[in-house]
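Let me begin by presenting the structure, written as structure tokens, before commenting on it.
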Amino acid sequence: MSIKVRYFASLKEMTGRAEDQLDFSKSVTVKEIWYQANKDKTLPDNILAAVNMEYVSFDHRVNDGDEVAFFPPVTGG
Amino acid sequence: MSIKVRYFASLKEMTGRAEDQLDFSKSVTVKEIWYQANKDKTLPDNILAAVNMEYVSFDHRVNDGDEVAFFPPVTGG
Amino acid sequence: MDIKILAESFDPWQEIKQYQNSAKKIKGKVGATSIFVGTMRDFNEGDIIKAMTLEHYPHMTEKQLANIIEEAMQKWQIIDALVVHRVGNIFPDDPIVLVAVWSSHRGDAFDSSRYIMEALKAKAPFWKKELLASDDERWVGKNSDGYESRSR
Amino acid sequence: MDIKILAESFDPWQEIKQYQNSAKKIKGKVGATSIFVGTMRDFNEGDIIKAMTLEHYPHMTEKQLANIIEEAMQKWQIIDALVVHRVGNIFPDDPIVLVAVWSSHRGDAFDSSRYIMEALKAKAPFWKKELLASDDERWVGKNSDGYESRSR
């Protein structure tokens with residue numbers, strides 16, 4: 001199962017990456033993806049997650065080909 | 001005591017006049033002014049009154065030189 | 001702060017640009033501008049409206065609008081405000097009223113512009129007479145609550 | 001209905017005029033236009049701000065904004081809506097966001113434009129990084145409630 005992971009704003013700076021391409025042999029949640037991609041980094045408190053550009057909770061299960069994104073609280077407008 | 005009375009919108013059409021100039025020998029209220037100026041016409045229910053361009057109640061007492069106005073509900077904007 | 005009663009058609013966006021360019025205190029501090037523009041519809045209470053005449057009470061209009069803006073400035077943090085209102089003969093799609101409020105924060109801008117607009121509808125001495133498709137004329141009886149459905 | 005994400009400076013009044021001229025369904029039926037424009041202030045949380053960089057998540061931004069407008073159209077009677085948002089490098093007094101709603105009635109226009117603006121602040125994936133007078137940079141932590149005083 002192939003998953004694209006994207007990071008925005010302060011999370012891009014924190015992880016040092018704009019995106020990851022990960023492979024999983026079994027079904028995983030958004031939270032498991034974070035820890036797989038960022039082994040040494042605790043999931044920051046106020047972080048938001050989206051799958052295919054819709055907001056999801058961290059126990060949302062992803063499907064093959066999904067795009068997962070992690071980012072801080074939004075500050076537009 | 002000299003009082004100018006003005007009528008606007010549908011009230012101007014109903015009274016057939018845009019204004020009256022009235023003289024009173026004693027203190028009067030806005031309501032008394034209406035009946036002095038429009039002897040045959042009952043004060044319509046939803047009419048508003050202003051003295052010197054500020055809203056007043058019908059028992060407001062006027063002073064010499066005041067401008068009294070009668071008009072229907074406002075419909076601007 | 002400015003209040004304008006106009007007997008000729010106006011372009012609300014041009015009025016805003018012009019005011020913003022002339023009003024120095026707006027620079028740098030404004031984060032939020034809330035604008036309301038009322039335009040003439042070609043329908044009302046189930047009838048087609050061809051034109052309207054807007055009468056007002058000169059000077060009382062300005063006095064009441066100044067009171068209203070003053071009240072809004074006491075309730076909210078406002079940097080500047082502009083109200084423009086048409087009188088005379090008006091046709092569908094013509095702008096009737098413009099309310100503009102400049103503030104540092106959006107909550108203050110939204111709340112105060114709405115307050116000014118609702119107070120204008122309730123207190124500013126303007127009266128509309130409609131010319132129907134039948135060529136009958138009628139005075140608008142009173143302002144509505146501003147929603148499509150009255151069941152709210 | 002239109003959603004525009006712009007990397008260059010824009011004139012909100014020009015955007016409105018242009019959209020109104022091109023959108024035929026607005027003609028005759030609109031009685032109320034409610035506009036919100038957010039501009040960059042030269043201050044925030046007690047500091048002088050020289051400039052800002054606005055990052056976004058392309059496509060998710062448009063998707064979320066479309067969802068928000070859709071929700072507003074289900075809640076209120078809206079004839080048309082336009083949302084424009086800047087990204088990239090922004091300086092004080094530059095417009096950041098424009099929300100415009102056209103409706104037959106003022107209540108629907110006011111409520112829906114505010115709903116869209118608050119939802120945009122809460123859900124549209126934009127992030128601001130401020131450049132302070134000291135030349136330090138900082139990410140804006142979260143959007144405020146939009147009022148001068150937080151005691152409300």
Side-chain angles (χ1 to χ4, degrees), chain C residues 11-18 20 26-44 48-49 76-79 91-93 95-111 113-115 117-118 120-121 143-150 152, chain D residues 11-18 20 26-44 48-49 76-79 91-93 95-111 113-115 117-118 120-121 143-150 152:
Chain C
D11 176 340
W13 322 117
Q14 195 53 40
E15 291 285 336
I16 296 165
K17 280 180 85 156
Q18 206 174 303
Q20 285 194 158
I26 289 176
K27 298 285 169 216
K29 303 307 165 207
V30 168
T33 306
S34 177
I35 308 283
F36 180 83
V37 177
T39 45
M40 191 190 148
R41 296 187 310 250
D42 61 10
F43 68 95
N44 194 27
I48 296 169
I49 313 295
W76 293 279
Q77 295 287 333
I78 297 176
I79 294 170
F91 300 93
D93 289 326
I96 296 172
V97 61
L98 161 65
V99 171
V101 177
W102 290 269
S103 176
S104 290
H105 302 281
R106 74 186 184 282
D108 294 299
F110 269 118
D111 289 352
S113 65
R114 180 152 201 181
Y115 176 85
M117 193 57 210
E118 297 297 334
L120 180 156
K121 284 259 177 193
N143 276 329
S144 77
D145 70 355
Y147 289 92
E148 179 79 20
S149 157
R150 303 300 171 80
R152 275 159 184 271
Chain D
D11 176 340
W13 323 117
Q14 196 53 40
E15 290 286 336
I16 296 165
K17 280 179 84 154
Q18 206 175 303
Q20 285 195 157
I26 289 176
K27 298 284 168 219
K29 303 305 166 209
V30 167
T33 306
S34 178
I35 309 284
F36 181 82
V37 177
T39 44
M40 190 190 150
R41 296 187 309 250
D42 61 11
F43 68 95
N44 194 26
I48 295 169
I49 313 296
W76 293 279
Q77 295 289 331
I78 296 175
I79 294 169
F91 300 93
D93 290 324
I96 296 171
V97 61
L98 162 65
V99 171
V101 177
W102 290 269
S103 175
S104 290
H105 303 280
R106 72 185 186 283
D108 295 299
F110 269 119
D111 289 353
S113 65
R114 180 152 199 179
Y115 176 85
M117 192 58 212
E118 297 297 334
L120 180 156
K121 284 258 175 193
N143 275 329
S144 77
D145 69 357
Y147 289 93
E148 178 80 20
S149 157
R150 303 301 172 78
R152 278 161 182 270

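Order of the sequence lines fixes the chain letters, A, B, ..., with proteins taken first and strands second; residue numbering starts at 1 for each chain.
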Examine distances only and state if a side-chain atom of C:Asp108 and a backbone atom of D:Tyr147 form a donor-acceptor pair shorter than 3.5 Å.
->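 Answer holds: no.
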[X] side, atom [atom1]; [Y] side, atom [atom2] - distance, nearest 0.5 Å:
| X | Y | atom1 | atom2 | value |
| --- | --- | --- | --- | --- |
| C:Asp111 | D:Arg114 | CG | CZ | 4.5 Å |
| C:Trp13 | D:Thr33 | CH2 | OG1 | 5.5 Å |
| D:Asp145 | C:Arg106 | CG | CZ | 7.0 Å |

In terms of heavy-atom pairs under 4.5 Å with chain D, which of C:Gly31, C:Ser34, C:Gly38, C:Pro12 leads?
->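 Top count of heavy-atom pairs under 4.5 Å with chain D: C:Gly31.
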Which of the residues C:Ser104, C:Ser103, C:Ala100, C:Pro95 is involved in the greatest number of heavy-atom pairs with chain D at under 4.5 angstrom?
->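 Among the listed options, the one with the most contacts to chain D is C:Ser104.
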Listed by chain and number, what are the side-chain hydrogen bond (donor to acceptor under 3.5 Å, both in side chains) partners of D:Lys121, not counting sequence neighbours?
->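 Not a single residue meets the side-chain hydrogen bond (donor to acceptor under 3.5 Å, both in side chains) criterion with D:Lys121.
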Classify the angle between the aromatic ring planes of C:Phe36 and D:Phe110 as parallel (below 30°), tilted (30 to 60°) or perpendicular (above 60°).
->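 Plane angle under 30°, so parallel.
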Please test D:Arg41 against C:Val30 for side-chain contact (heavy atoms from CB on, under 4.5 Å), starting from the C-alpha separation and ending with a verdict.
-> CA-CA 6 Å; D:Arg41 296 187 309 250; C:Val30 168; over 6 Å; no
Does any heavy atom of chain C fall under 4.5 Å from the side chain of D:Gln20, the backbone, both, or neither of them?
->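 Just the side chain, heavy atoms under 4.5 Å.
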Non-hydrogen atoms of chain C under 4.5 Å away: do they reach the side chain of D:Ser113, the backbone, both or neither?
->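 Contact with chain C involves both backbone and side-chain atoms of D:Ser113.
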Could you have a look at D:Val99, D:Ile96, D:Ile35 and say which one has the most heavy-atom pairs with chain C under 4.5 angstrom?
->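 Highest number of heavy-atom pairs under 4.5 Å: D:Ile35.
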